[in-house]
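Contents: one structure, followed by commentary.
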There are 2 protein chains.
Amino acid sequence: MSKRKANTRQRRGSAQPTLAQVAELAGVSSITASRALNDPERVNAATRQRILDAMERIGYVPNLVAGSLASARSRFIAVVVPSLANAVFIEVIQGLQATFEAAGYQILLGNTDYDIEREHQLVRTFLGWSCSALVTAGLRHTPACRELLAGCDRPVMEVMELGEALDLNVGLDHEEAGSCMARHLLQRGYRDIVYVGARMGEDYRAAMRYAGHRAALEAAGLAPHLLELDRLGSLEAGAEGLERVREQFPDAKAIHFANDDLATGALLHALRLGMRVPEEIAIAGFNGLPLGQHVTPRLTTIQSSRHTMGRLAAEQVLRCLAGEEVEARRQDVGFTLLEGEST
Amino acid sequence: MSKRKANTRQRRGSAQPTLAQVAELAGVSSITASRALNDPERVNAATRQRILDAMERIGYVPNLVAGSLASARSRFIAVVVPSLANAVFIEVIQGLQATFEAAGYQILLGNTDYDIEREHQLVRTFLGWSCSALVTAGLRHTPACRELLAGCDRPVMEVMELGEALDLNVGLDHEEAGSCMARHLLQRGYRDIVYVGARMGEDYRAAMRYAGHRAALEAAGLAPHLLELDRLGSLEAGAEGLERVREQFPDAKAIHFANDDLATGALLHALRLGMRVPEEIAIAGFNGLPLGQHVTPRLTTIQSSRHTMGRLAAEQVLRCLAGEEVEARRQDVGFTLLEGEST
DNA sequence: CGCTAACATGTTAGCGCTACCATTCTTGTA
DNA sequence: TACAAGAATGGTAGCGCTAACATGTTAGCG
């Protein structure tokens, strides 16, 4: 009895077929079966086919968890963004995903809800999954998170804005973009200009654009005006922004919105109210979302190429992972002023 | 020398601190350190604190890959959607993510690009990651994929539409929704109605709505008209749809678009052309995106609660994972007709 | 004071795979 | 013919963690 008992220890594990079973069926060792999947060149073609047939036959699904543990690397790329509600991040994610998936990497998506503590938490989790690289939206992290990111021996890519990056960096200069739009408004002859942002403490890139806007106005000898909404950018919030500008800044002739959602919301609201744009009020945005180009008048905005940003970022990371030397660790994707009829 | 050599076999693994190191520092065994993280109640409070301090001190990051292998379960939920370009899926993902992340699960996101072979591939990969559950958009899979999904001993949730599901199912009846909108148009007195879809072979839910639309028209003794665009839904495509309807169906008085992107694109294009909506042409959509409610006239559409769909789906899955008995394996989230001024 | 139950902690043995090194078998070359 | 170089395959030992079982330790009870 006791002898039996000693052997009775329950087996764990799923009932899934394993590589060892495949190997046995194919009459090879498990390492050869492993190679047939991961390094096919190193296995004789006939043997390989026998192994693949065996896999097919017993319905083998590779246990990637075991593989990652053994090889100390996964084919995960961690992607951390502050929000999924914002089309901008979605487009960056699309660019990343298309490129990474094509290279056989899987995206691990994390959403911080604009909370850098949450970001730190997510980074820890993702590192725990032995992700091959990390992509974060933005350069602002908690000190502990910076330390984690700097200390992990994997490529770290920071996208969206340019600056003092930890490793790789693809983005655009938001201050410059804000300044560009402000100069455009000045050039069009507007003097009473209000900048409208939404939760700029969280969306600090909007605050960076405001800084550029402000600098441009001050350079022209004008006082900047700021209105901040206590809600995230949306069409609805844009409508509210327009209303509040009319109350608080009755002389305003132009509104520079922090993004296209706000700007388009305001534009549609103005049309709904029967206001003439840009005669009564000029409206400008940022992002270059398709929506703004389909309304009449078309929205004046700044086009940022988010899909390209994602693609470039992914390509850089892949280059690093392939061991290639990456010369330009910082890439500026730039932006374009789209002059619509709304200004 | 040879003795040395025997021991020289290179160690693999990262230089990351391990649980064993934490345990040694805290003066406990590694299983106790493991419990301090995964089952804190079972460890004495003072001991636990000592362990947590040790982790903090040496910067321990749990290796989740190893943990998953040992326990044969990960805290991943696989989510497979056909597209990230469509706001609808994004909103479902948001609902899923908020709920799953709050419960400590991580989303593994896959994008099939409307290719069910790709879906099969992704499902295999995700199963290989020992995901705790799978969520797929839709009920259509390759036979092999169905088999995989049916055979894995994990909760499988199919969202978006209702029907013959493998396991759990949360969605709405698209045929009924299409029929509802068609009846609305008939009730408003429109007789010459065209349904405009975009790539309905891929977006088969749009085809289901057309089936409902068609049935309603035929029930009223009217012939259905269909125009299919060879591109995915977008504002741009909607504008094209309007143009093509005017060419091919000059008598059309109402257009029932497969979704709000198309409908809003058409609506904005009509306004741009100076057409009066709904007097010259009535326009209806599907989804209830915010955009449609901010244009003038407001878009008549069908509101589907995508965030709720995601949340409900996640809650059901979590209930299953917690071992609770789930009574309603199929949940209908329904829809609401939003009567705007565009019809 | 002995006994039980509940708590706290430890020992052991893998989870399924791949890195490392070793071995066998070809093939080409001097 | 001997030998080097390469191709194909295998044996072994973990990767870092946790399930299962085992043991020690304390409190409560009659």
Side-chain angles (χ1 to χ4, degrees), chain A residues 2 4-24 26-51 55 58 60-75 127-130, chain B residues 2 4-24 26-51 55 58 60-75 127-130:
Chain A
S2 70
R4 230 184 99 74
K5 195 167 168 224
N7 269 346
T8 309
R9 191 153 181 161
Q10 284 299 328
R11 281 296 180 76
R12 277 89 51 75
S14 49
Q16 294 291 324
T18 69
L19 244 201
Q21 290 169 33
V22 169
E24 190 178 358
V28 296
S29 72
S30 56
I31 185 69
T32 304
S34 168
R35 281 197 276 255
L37 280 181
N38 301 318
D39 200 358
E41 304 299 300
R42 283 170 50 87
V43 177
N44 179 288
T47 313
R48 184 167 67 234
Q49 195 52 54
R50 220 167 58 239
I51 294 169
M55 288 179 174
I58 64 176
Y60 173 71
V61 177
N63 184 327
L64 301 172
V65 177
S68 291
L69 180 59
S71 65
R73 55 197 168 64
S74 72
R75 295 190 70 84
L127 286 175
W129 280 110
S130 304
Chain B
S2 72
R4 230 183 98 76
K5 193 168 169 228
N7 270 346
T8 308
R9 191 153 181 165
Q10 283 302 326
R11 281 295 180 77
R12 278 88 53 73
S14 49
Q16 292 292 322
T18 70
L19 244 201
Q21 289 168 35
V22 169
E24 189 177 1
V28 296
S29 72
S30 57
I31 187 70
T32 304
S34 169
R35 281 198 274 255
L37 281 181
N38 301 318
D39 199 359
E41 304 299 301
R42 283 170 50 88
V43 177
N44 178 286
T47 312
R48 183 168 65 234
Q49 195 52 55
R50 219 167 59 238
I51 294 169
M55 288 178 174
I58 64 175
Y60 172 69
V61 177
N63 184 326
L64 301 172
V65 177
S68 290
L69 180 60
S71 65
R73 57 198 164 63
S74 73
R75 295 191 68 84
L127 286 174
W129 281 109
S130 304

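Sequence lines set the chain letters: A, B, ... in the order given, protein chains first and strands last, and positions in each chain run from 1.
Rounded to an integer number of Å, the gap from CD1 of B:Ile51 to C1' of D:dT18 is 15 Å. At whole-Å resolution of the value, CE in A:Met55 and P in C:dG16 are 15 Å apart. Here C:dC17 presents its P atom at 17 Å from CZ of A:Arg75, a figure rounded to the nearest Å. Distance CG (A:Leu64) to C1' (C:dC15): 14 Å, rounded to an integer number of Å. In this structure, A:Asn38 atom CG and C:dT18 atom C1' are separated by 8 Å, rounded to whole Å. Per the geometry, CG belonging to B:Asn63 stands 8 Å off C1' belonging to D:dC15, to the nearest Å. For the pair B:Leu37 CG and D:dG16 P, the interatomic distance rounds to 16 Å; values are reported in whole Å. Atoms CG (A:Leu19) and C1' (D:dG11) sit 16 Å apart, rounded to a whole Å.
Evaluation of the side chain to side chain contact (heavy atoms under 4.5 Å, CB included) rule for B:Glu24 yields no partner, not counting sequence neighbours. Residues passing the side chain to side chain contact (heavy atoms under 4.5 Å, CB included) test with B:Val61, sequence neighbours excluded: A:Arg124, A:Leu127, A:Leu148. Scanning for side chain to side chain contact (heavy atoms under 4.5 Å, CB included) contacts around A:Ser30 gives A:Ala23, with sequence neighbours left out. The salt bridge (Lys or Arg N to Asp or Glu O under 4.0 Å) check on A:Arg73 picks up nothing, with sequence neighbours excluded.
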Between the protein and nucleotides 6-9 of chain C, are there any N/O to N/O pairs under 3.5 Å, and if so, what are the atom names and distances?
from  : atom 1 : to      : atom 2 : distance (Å)
C:dT9 : OP1    : B:Thr47 : OG1    : 2.8
C:dT9 : OP2    : B:Asn44 : N      : 3.0

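A heavy-atom distance below 4.5 Å is found between the side chains of A:Gln21 and A:Ile58.
For B:Ser71, counting side-chain heavy atoms from C-beta on, the closest listed nucleotide (C:dT18, D:dA19, C:dG16) is D:dA19.
Summarising the geometry of A:Tyr60 relative to A:Pro17, their closest heavy-atom pair is CD1-O, 3.5 Å, with the distance given to 0.1 Å.
Side-chain nitrogen and oxygen atoms of B:Ser34 include none within less than 4.0 Å of the OP1 or OP2 phosphate oxygen of D:dC17. At C:dA19, one or more side-chain N or O atoms of A:Arg73 fall inside 4.0 Å of OP1 or OP2 (strictly under the cut-off).
Judged by distance alone, the side chain of B:Arg48 and the main-chain N or O of B:Val43 form a donor-acceptor pair under 3.5 Å.
One distance of note links CG of A:Leu64 with CG of B:Leu69; it measures 11.5 Å at 0.5 Å rounding. Atom CD in B:Gln49 sits 10.0 Å away from atom CD1 in B:Ile51 (nearest 0.5 Å).
Remark: DNA chain D takes part in the stems C:1-30 with D:1-30, each of 3 or more antiparallel Watson-Crick or G-U pairs, criterion distances under 3.5 Å.
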